[in-house]
Amino acid sequence: MLKYTFMKNIYLIDVTNRDGVQTSRILLSKLAKTMLNVYLDRMGIFQSEVGFPTLKHEVNYINANLDLAKKGVIKNLRLEGWCRAVPEDIELTFKNCPDIKHLNISISTSDIMIEGKFQGRKTWKDILNSMVEALKTAKALGAETVGVNAEDASRTETEKLIEFATAARENGASRFRYCDTLGADDPISIYQKIKKIAEASQVDLEMHCHNDLGMAEAVSLAGAQGAIESGVDAYINTTINGYGERAGNCDLVSIILALTYSHGFEDKVHLADRVDLKKAWKLARYASYAFDIPIPIKQVGVGANAFAHESGIHADGALKDRRNYELYDPEDVGRGEPEMLHTGRVITTGEYGGLKGFAHVYDDLGIHFRDDKQARKILELVQYANLHTQKPLTDDELVFIAENPEIVSKILTVSAGIK
Ligand SMILES: [Zn+2]
């Protein structure tokens, strides 16, 4: 049997705060986006695509998150902004968010999109030139890393993608993002295609795969395998619980489990992140709460039935030895602890809360305020935060607000700015 020794690494770039939130009919508050970044950092994920630095209502949130990184609240997670690969977007990005260091810039590369979107106004050469100009502008304005995205790569000829990826590398790009924008790829052909692109361009490969055919994780994994076998690092784009456009994106927890337990990957050191899978349960549940979308009963790792057994043969087998019917343990994804549910009197704090209730709630969290002045300041932030999220604040959100009042104040400041 052919055994590969993977010399290269696989990193995870979570795009929930960009691809997840841009999805039709699902929303996330800026505070919740921030909490996701904090949780992703604690989980050891490599990078978060935080959002759109060219979009006015994202600017304070992005700058506040960059402040969190400076302050050391976000320790290792790279915070990266997304914009179109046109020089004017790059300039606006740095005008709005001068401290941003990581970017992904995107442009359509397939004939169908070039013709359909630009209606004859752009040729293939124009696409290449726009990408190179945008990339050079980003580097000149201080970007440390730039990923270059080929939108609709899966419907773009491989030779063109090699030309695009090579031009990106030659002009200072850190990575080439292969976007299976319509979720049209299959694991076997993408593995071969990514191998060709990686071997020819020798640029690190980023897999961005959608789930329209139910194969987002399989396709991401196969592409990443093609990349690392070709001597470049691979990056996989994920979203929490798979939230994303249409049928969603490659699910974060599923891909970590696949990289850890699938027969092709187990026992190999390839996942470069300091990933703590035990944080999965909390993160998935928070995202579900914040997005207001239930976790499907059969969700990988974190669904209610992921470790449930009832049928005679299965229950008997699992009781004798859980390995008969389980690939990994509930504890591996952070499950197994009992959770407390208040069934009696409860005091909460929020949008219309006062000082006494507020102090009681924070006392229970082990947080005590110096004096009334400080307490009133945090209470006001709690009121605004709750106005902003429109759902009960979680304990972690309350702690975060008390520990980072100035930054939270910036996150909550969203001005319309219409002239
Ligand atoms: Zn996408």
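When a ligand or atom number is given, it counts from 1 through the structure's own listing order.
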Any idea which N/O/S atom from H210 gets closest to the Zn ion (ligand 1)?
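The nearest such atom is NE2.
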So that I know where these two stand, are Y178 and Y235 an aromatic pair - ring centroids less than 6.0 Å apart?
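No, ring centres 6.0 Å or more apart.
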Can you confirm whether the side chains of S48 and D14 place a donor and an acceptor under 3.5 Å from each other?
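Side chains of S48 and D14: no pair found under 3.5 Å.
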Just checking, is any N or O donor in the side chain of D233 or N9 under 3.5 Å from an acceptor N or O on the other one?
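No.
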Distance-only, no hydrogens or angles: does the T93 side chain make a donor-acceptor pair with backbone N or O of D89 under 3.5 Å?
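Yes.
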Measure from the Zn ion (ligand 1) to each N, O or S atom of H208 and report whether any distance is below 2.8 Å.
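Coordinating: yes.
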Tell me whether the Zn ion (ligand 1) has D19 as a neighbour, meaning an N, O or S atom of it below 2.8 Å.
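Here the distance criterion (N, O or S atom, under 2.8 Å) is met by D19, so yes.
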